[in-house]
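Following: one structure in structure tokens, then a few remarks.
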Amino acid sequence: MKKFFHVLCAAVAVVLLVGCSGKSEDKIPGPVAFNKHDRCHICGMVILNYSGAKAQLSVKGEKEPLKFCSVKDGFVYVLQPENVSRTVAFYVSDFGNKKDVPLHEKMLTAQKAFFNAGSDVRGAMGKSILPFATKEEVQAFTKEHGGTIVNYSEVKFELLKSLKGH
């Protein structure tokens with residue numbers, strides 16, 4: 001029994017050491033700067049030529065993040081069944097952040113954002129889904145501009161399809 005306990009402890013130690021190896025590929029990359037030549041991964045539009053919230057996705061097997069002219073296009077990509085398991089990080093620009101800082105510094109994790117869908121504010125792809133860092137910000141925005149408040153898990157293809165129109 002004593003030998004079994006020592007073997008078990010050694011096995012647990014190996015698993016813990018491997019899990020804590022700190023390999024760089026295990027780290028979640030942060031958002032990167034947008035430049036004037038970046039094109040949307042979905043529609044090909046030059047991203048910075050259009051207003052509204054933007055998105056970035058870090059994907060397994062891609063050296064650079066995929067960039068999107070709208071949060072709607074980011075969701076179109078991430079909701080595809082073949083992309084769900086490939087997505088490492090999904091960032092959206094905080095529409096409530098009015099600070100004069102580069103766009104990538106306004107990015108927040110999509111899963112933690114609060115979204116307004118279908119307000120009177122148009123983005124690159126027409127009706128928008130706009131992310132906010134706090135519930136209070138999205139509530140105030142929705143009161144003024146209409147639309148519906150949703151969280152990350154509520155964004156489905158049906159919702160995105162309802163946001164048609166330029």
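Atom set for the values below is all heavy atoms of this structure, side chains included, hydrogens, waters and symmetry mates excluded.
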> If we only count heavy atoms from C-beta on, is the D120 to K127 side-chain gap below 4.5 Å?
Replying inline: no
>> Before you tell me yes or no, could you show the steps for F141 and F95 under ring-ring contact (aromatic ring centres under 6.0 Å, His included), namely the whole-Å CA-CA distance, both residues' side-chain angles and the distance that decides it to 0.1 Å?
In response: CA-CA 10 Å; F141 178 87; F95 197 73; 5.8 Å; yes
> Between F157 and F75, does the ring centroid distance fall short of 6.0 Å?
Replying inline: no
>> Quick one, V71 and K54 - any side-chain contact, counting heavy atoms below 4.5 Å?
In response: no
> Among S119, S93, S70, whose side chain to side chain contact (heavy atoms under 4.5 Å, CB included) with L130 holds?
Replying inline: S119
>> Taking the side chain as everything from C-beta on, heavy atoms only, tell me whether T134 gets closer than 4.5 Å to V138.
In response: no
>> Which heavy atom of K106 sits nearest to which heavy atom of N97, and what is that distance?
In response: NZ-O, 3.3 Å
>> Any non-hydrogen side-chain atom of Y91 less than 4.5 Å from a side-chain atom of T109?
In response: yes
I'd like a table of donor-acceptor pairs (distance under 3.5 Å, sequence neighbours excluded) in which one partner is a side-chain atom from residues 43-51, with atom names and distances.
none

>> Restricting to ring-ring contact (aromatic ring centres under 6.0 Å, His included), what partner residues turn up for Y77, sequence neighbours left out?
In response: H41, F68
> What are the two closest non-hydrogen atoms of P131 and V92, and how far apart are they?
Replying inline: CB-CG2, 3.5 Å
>> With a 6.0 Å cut-off (strictly less than), is the heavy-atom count around CD of E105, excluding the residue itself, greater than 12?
In response: yes
